[in-house]
Amino acid sequence: MKAQFSFLSGSRTGQTDIFSQPHITIGRHPQSTLRFDPDLDLDVSGHHAKVLLEGDLYLLRDLGSTNGTLVNGRRLTGDHVLVSGDKIRFGVSGPEIQFTAIGELRTPRSAPAVEAPGPVGTVVFGNAQAPATAPPPTPPPALTPEQLRAPRRTPGPGATTRVKIEVQRQTKGLRRTAIGLFTLLVALSGALLWQSWDTGRRLAAQRQALLGQVDSLVGEISSLSSTSVEMRAALDSARQEAGRLHVQLTAADPDDAKTIADLRKRLDAAMRQQRTLAGVAQFDAGAIATKNQDAIAMVFVQFADGHIFTGTAFAVRSDPTGGLLITNRHVVTDSNGAVAVRIGIVFQGTNKNFRADVVRVHPDADLALLRTTIHKGFPTVEQLGEANRVPAVGSPAAILGFPLGLDVAGGQDWGRLGVAATLTLGTVARTLPGLVQLDSYGAQGSSGSPIFDRQGQVIAVLYGGQPGSNGRIIYSVPVRQVQELLAAE
């Protein structure tokens, strides 16, 4: 028994996921089994719902999501037994998927009986057959002696014969043309059949090649190990994705070019993620997090229209009265450049919300400098990187921040438990004068997160990601522009 989910709306419309495991988590969090886009499917919570296999039944359960779960238009209030064809919507206006249970028995339809006709040359009488008979031919009349002695004449063709000859002459060319057209049609049909066969053969070979790549990917992931809890979680997530790809490739129709192309894209993304994991396997990100996590803060922002958003900031300077923090300009200003009416700062592991104000914003980069007043100050990041230092492509990196904001397990209870920053690993993919691109993970709420190199220095500040990459391709501001903003202080 397998569970198939077809995406009817949302950012993944037209895609299909098939799972065989008994526990399927659904949400925007990167470790969800059935994942939605963290930037586009905002009606879906980080941990929205889950599907459990109990015996031969699949049960759907909401996990206390913000916008609720609807099945066939009705809001879920308890466990729901899923049946094939059920439509599941995440939030009233959110994306919708359709559930199908794979493995149900189907009764083949029997072909109707057809009475065979009798053999040629028989007449059927009820259920019996008898040979057909015909009257004997009439013999020709005998010739007289005069008729036998008369000279023979070769008669000319009659009118009917002449018409037949003329018709044959005029239609001879048409027959030749028809034969030529028929021959051309047969040749074209053969070419099309050959092309179709060749395309199917190439798609089947492509699927086999992709399966080989998936098996190789699984082996590479299995060869990696780490003592970091975060790294182990990332490796587990990568193994699950590779397993899903193997199952879906095995079940895919070799003639379905679209499905093969979609699976190839997912495999490419999984291989990029594996390269990221390989790059950070020996990276002691846990030690970097331990030294810097107390300087990470969640930013609460309220604008004039009443909307509230969250982001990330990190402390760079402190004194006995408070200090300075760095975040993104777009976190604390709206699209017209107006500053938020209220800004609050809550440091990692605490539940105290301190007021903050915007000191200035960078004229070119997506950066803002905040000041908050706290008695005796607060911890800061250990070290900012040098302004002229460019991180090497392929080098490992660590990100500390709050992806998905409070929309994570226990996030709504931050007032009692405190906020908890997330450590994310990645590698530098590209560097430009005003941009550092990483293969990692980011989502709404992680804007303003500091990015650390192997030495624990801040090398960039995360500000956004590539649409359609599921948060895996992210962009950041180089530390040089952070130094420029601080130099004006």
Side-chain angles (χ1 to χ4, degrees), residues 1-54 57-104 237 240-241 244-245 247-248 251-253 256 258-259 261-263 265-266 269 403-409 411-412 443-445 465 467-472:
M1 179 78 73
K2 297 180 181 178
Q4 174 179 297
F5 299 92
S6 302
F7 290 80
L8 305 180
S9 62
S11 66
R12 298 187 60 191
T13 300
Q15 298 183 22
T16 299
D17 283 354
I18 301 175
F19 306 103
S20 57
Q21 57 262 53
H23 184 203
I24 303 166
T25 58
I26 305 173
R28 289 162 53 223
H29 194 276
Q31 293 184 7
S32 297
T33 312
L34 192 154
R35 289 196 300 272
F36 285 88
D37 191 293
D39 297 316
L40 302 179
D41 298 315
L42 299 181
D43 289 286
V44 184
S45 296
H47 298 275
H48 196 110
K50 65 180 177 181
V51 174
L52 304 171
L53 180 60
E54 299 286 349
L57 300 177
Y58 280 104
L59 304 180
L60 174 65
R61 180 180 302 165
D62 186 89
L63 297 179
S65 61
T66 302
N67 298 314
T69 304
L70 293 83
V71 179
N72 301 325
R74 302 181 66 177
R75 184 177 289 270
L76 197 65
T77 57
D79 287 356
H80 172 80
V81 178
L82 290 170
V83 297
S84 293
D86 275 352
K87 295 181 179 180
I88 308 167
R89 186 177 292 277
F90 302 92
V92 176
S93 304
E96 186 177 44
I97 62 176
Q98 181 169 324
F99 168 81
T100 304
I102 301 176
E104 300 173 338
S237 177
Q240 291 175 8
E241 175 65 5
R244 285 192 292 268
L245 283 169
V247 170
Q248 293 171 23
D253 182 354
D256 190 344
K258 183 179 182 302
T259 298
D262 289 342
L263 291 172
K265 289 180 181 178
R266 287 179 53 194
L404 302 179
L406 296 175
D407 194 10
V408 294
Q412 299 298 325
Q444 187 180 36
S469 69
N470 290 323
R472 295 297 181 184

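A quick note: this is a predicted structure, and the numbers were derived from the prediction, not measured.
- Heavy atoms only, all atoms of each residue included: S9 and E96 are closest at OG-N, 2.8 Å.
- Closest non-hydrogen pair, D41 versus G10, comes out as OD1-CA, 3.7 Å.
- The shortest distance between side-chain heavy atoms of V51 and F19 does not fall below 4.5 Å.
- Looking only at distances, no side-chain donor or acceptor of D62 sits under 3.5 Å from a matching main-chain atom of A49.
- Separating the NZ atom in K2 from the CG atom in D17 is a distance of 13.0 Å, to the nearest 0.5 Å.
- In terms of modelled atom types and a separation under 3.5 Å, the side chain of T25 and the main chain of T33 share a donor-acceptor contact.
- Rounding to the nearest 0.5 Å places OG of S11 at 5.0 Å from CG of L40.
- For S45 (side chain) and T66 (main-chain N/O), a donor-acceptor pair under 3.5 Å exists by modelled atom type.
- Heavy atoms from other residues, nucleotides or ligands lying under 6.0 Å from NZ of K50 number more than 12.
- Counting heavy atoms from C-beta outward, L52 and D79 have side chains that stay 4.5 Å or more apart.
- Note: L70 CG to R75 CZ = 5.5 Å, rounded to the nearest 0.5 Å.
- Rounded to the nearest 0.5 Å, atoms CD1 (I18) and CD1 (I102) are 4.0 Å apart.
- For the pair R12 (side chain) and P95 (backbone), a donor-acceptor distance under 3.5 Å is absent.
- When every heavy atom of T16 is checked against every heavy atom of S6, the shortest pair comes out as OG1-OG, 3.7 Å.
- Contact between L82 and D86 at its shortest, heavy atoms only, is CA-OD2, 3.5 Å.
- Two residues are said to be in side-chain contact when any heavy atoms from C-beta on lie closer than 4.5 Å; L59 and V81 meet this criterion.
- When every heavy atom of V44 is checked against every heavy atom of R28, the shortest pair comes out as O-CD, 2.5 Å.
- Considering all non-hydrogen atoms of both residues, F5 and I24 come closest at CE1-CD1, 4.0 Å.
- Between atom NE2 of residue H23 and atom CG of residue L53 there is a gap of 11.5 Å, rounded to the nearest 0.5 Å.
- No side-chain heavy atom of S32 sits less than 4.5 Å from a side-chain heavy atom of H48.
- F36 and F7 have perpendicular rings, their planes meeting at more than 60° on a 0 to 90° scale where under 30° would count as parallel.
- Under the 3.5 Å distance criterion, the side-chain polar atoms of N67 are matched with a main-chain donor or acceptor of D43.
- Atoms CD1 and CZ, on I26 and R61 in that order, are 12.0 Å from each other to the nearest 0.5 Å.
- Annotation: side chain of H80 is not in contact with side chain of T69 (no heavy-atom distance under 4.5 Å).
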